[in-house]
Amino acid sequence: MAEQFDLDDPPELEARYNIAPGQSVVTIRTDSAGAPRRIERFRWGLLPPWAEDAGIGLRMINARSESVALKPAFRSAFRRRRCLVPADGFYEWGGAVGSLKQPYLFTRPDRGLFAFAGLFDVWHVGAEDEVRSSTIVTTEANRVLAGIHDRMPVILHPRDYANWLDPANDDIDALQSLLVPSPEAWLERQTVGLRVNSTRNDDPECIAPAPPQPRQGELL
DNA sequence: CCAGACGTTGTT
DNA sequence: GTCTGG
DNA sequence: CCAGACGTTGTT
DNA sequence: GTCTGG
């Protein structure tokens, strides 16, 4: 689960529209400030070395910025194994629509890429095999999320990528100070269809605007 | 000291 | 591994 | 995160 | 309610 790519010969990464916890995400990290950055796929859901089974990771898909420096599950990864998780959108779920939840898509206004603050870890299975996994740091939501959800993933400013990635950076306070809600201008919100709620749907239709809701009294 | 947890989200 | 609770 | 299953004996 | 699968 640590497929690695050559940055001098960048791969065509398949587009994903609906990534479930436990599936792989693309990550960027580096061994040192001077070393080349690596693109790798890590399993989403942090598996600390002491995990007894891979199921632990499914409960570690996010790490709270407020406590990430102290929690046993994340502390060492926060100190020494930080990464970026590039994406051009994320979903959050708002109130119920009948028995289902309404998903919303958040993107940059220009639909460009951003980078989540991520952590990774290495879980050893026996002497040979290992699983590399990652988690995404969350923080208080900004106003673009208002009324939908009170948490959001941390989106790093590009000028902070190098500091975040440098494994030798041990300025915990400075690192922690990066884990804040993004400026509102970085994101816009769009209502998308309920098909996002099933991770079996992973295609461009997931990010299409939601079909208009027929209202009561309206003819079909 | 040993044993047991180690997490987030959202809900009641 | 490391922290918390007892 | 959300959706969907969650169970055994014994057989239409 | 809680666990599993995606």
Side-chain angles (χ1 to χ4, degrees), chain A residues 1 14-26 41-82 85 87-107 116-127 130-142 145-155 167 170 172 176 179 181 187 189-203 205-207 210:
Chain A
M1 191 60 72
E14 70 182 315
R16 295 296 306 274
Y17 301 89
N18 201 2
I19 302 176
Q23 297 181 338
S24 74
V25 290
V26 171
R41 292 185 204 274
F42 290 164
R43 180 190 171 104
W44 184 22
L46 198 80
L47 280 164
W50 42 260
E52 283 172 14
D53 63 89
I56 299 290
L58 294 177
R59 277 168 262 177
M60 308 268 191
I61 61 174
N62 293 120
R64 292 177 66 91
S65 60
E66 297 89 339
S67 56
V68 69
L70 300 174
K71 295 281 187 182
F74 300 127
R75 197 171 89 113
S76 66
F78 177 63
R79 286 198 301 205
R80 287 183 285 275
R81 291 180 299 282
R82 297 175 298 272
V85 182
D88 63 2
F90 63 92
Y91 300 112
E92 294 288 355
W93 280 264
V97 181
S99 62
L100 301 173
K101 292 199 164 182
Q102 176 63 57
Y104 298 87
L105 172 67
F106 295 86
T107 64
F116 297 131
L119 309 174
F120 68 95
D121 219 326
V122 185
W123 184 53
H124 291 278
V125 188
E130 63 181 32
V131 177
R132 286 169 186 261
S133 61
S134 61
T135 189
I136 291 169
V137 181
T138 63
T139 185
E140 189 183 340
N142 70 18
L145 286 276
I148 302 215
H149 194 49
D150 58 3
R151 306 291 298 173
M152 69 181 291
V154 171
I155 299 172
D170 60 358
I172 297 299
Q176 184 112 40
L179 305 179
L187 289 176
R189 175 183 122 190
Q190 176 181 304
T191 305
V192 291
L194 295 173
R195 64 198 305 285
V196 170
N197 291 1
S198 173
T199 53
R200 283 188 290 270
N201 298 317
D202 180 18
D203 54 53
E205 206 180 321
C206 289
I207 63 170

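Protein chains get the first letters and strands the later ones, always in sequence-line order, with residue 1 at the start of each. Predicted model, so just to flag it, every value in this text is computed and none were measured.
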For this session: Starting at atom CD of A:Q102, determine the distance to atom C1' of D:dA3, rounded to an integer number of angstrom.
Result: 16 Å
Problem set entry | Residues touching DNA chain C, which here means a heavy atom under 4.0 Å, drawn from residues 69-76 of chain A | A:P72, A:R75
Problem set entry | Span that lies between the P atom of E:dC3 and that of B:dA5, in whole angstrom | 13 Å
Seminar exercise, completed: Across all chains, not counting sequence neighbours, the side chain to side chain donor-acceptor pair (under 3.5 Å) partners of A:D203 are A:R195
Problem set entry | Euclidean distance for P, D:dA3 against B:dT11 (whole angstrom) | 12 Å
Exercise. What is the distance from CD of A:E140 to P of B:dT8, rounded to the nearest Å?
Worked result: 16 Å
Exercise. Shortest non-hydrogen contact from A:L47 to A:I56?
Worked result: CD2-CB, 4.3 Å
Seminar exercise, completed: When rounded to whole Å, the CZ to P distance for the pair A:F90 and B:dT8 reads 18 Å
Problem set entry | Heavy-atom closest pair, residues A:V192 and A:Q102 | O-NE2, 2.7 Å
Problem set entry | Whole angstrom value for the distance that separates P of D:dC2 from CD1 of A:I148 | 13 Å
Exercise. What is the nucleic acid contact for A:T138, judged by heavy atoms within less than 4.0 Å: base, sugar-phosphate only, or nothing?
Worked result: sugar-phosphate
For this session: Mind running a 4.0 Å heavy-atom check of residues 45-57 of chain A against DNA chain C and sending the residues that fall below it, in number order?
Result: A:W50
For this session: Mind calculating the distance between CG (A:L100) and C1' (D:dG4) to the nearest angstrom?
Result: 12 Å
Seminar exercise, completed: Taken to the nearest whole Å, CZ/A:R195 to P/D:dG4 is 14 Å
Exercise. Does A:Y17 reach the main-chain N or O of A:V196 with its side chain, forming a donor-acceptor pair under 3.5 Å?
Worked result: no
Problem set entry | C:dG1 versus B:dT8 - spacing of their P atoms, nearest Å | 22 Å
Exercise. For B:dT8, does OP1 or OP2 lie under 4.0 Å from any side-chain N or O of A:S67?
Worked result: yes
Listed pairs, N/O of protein and of nucleotides 2-6 of chain E, under 3.5 Å:
| from | atom 1 | to | atom 2 | distance (Å) |
| --- | --- | --- | --- | --- |
| E:dG6 | N3 | A:T199 | OG1 | 3.0 |

Problem set entry | Approximate separation, where rounding is to 0.5 Å, of A:I148 CD1 and A:W93 CH2 | 11.5 Å
Exercise. If you take all heavy atoms of A:V137 and A:R64, which pair is closest and at what distance?
Worked result: CG1-C, 4.5 Å
For a quick test of your reading: what N or O donor-acceptor pairs under 3.5 Å do the side chains of residues 68-81 of chain A make, sequence neighbours left out?
| from | atom 1 | to | atom 2 | distance (Å) |
| --- | --- | --- | --- | --- |
| A:S76 | OG | A:R81 | NH2 | 2.9 |
| A:R81 | NE | A:F120 | O | 3.3 |
| A:R81 | NE | A:D121 | OD1 | 3.2 |
| A:R81 | NH2 | A:D121 | OD1 | 3.3 |
| A:R81 | NH2 | A:D121 | OD2 | 3.3 |

Problem set entry | Separation of B:dC6 C1' from A:R64 CZ (nearest whole Å) | 16 Å
For this session: Dot-bracket notation for DNA chain B is requested: 5' to 3', Watson-Crick or G-U wobble pairs only, both distances under 3.5 Å, with ( ), [ ], | and . as defined.
Result: ||||||......
Problem set entry | Spacing of A:N18 atom CG relative to D:dC2 atom P, expressed in whole Å | 12 Å
Exercise. So, A:E92 side chain and A:D150 main chain: donor-acceptor pair closer than 3.5 Å or not?
Worked result: no
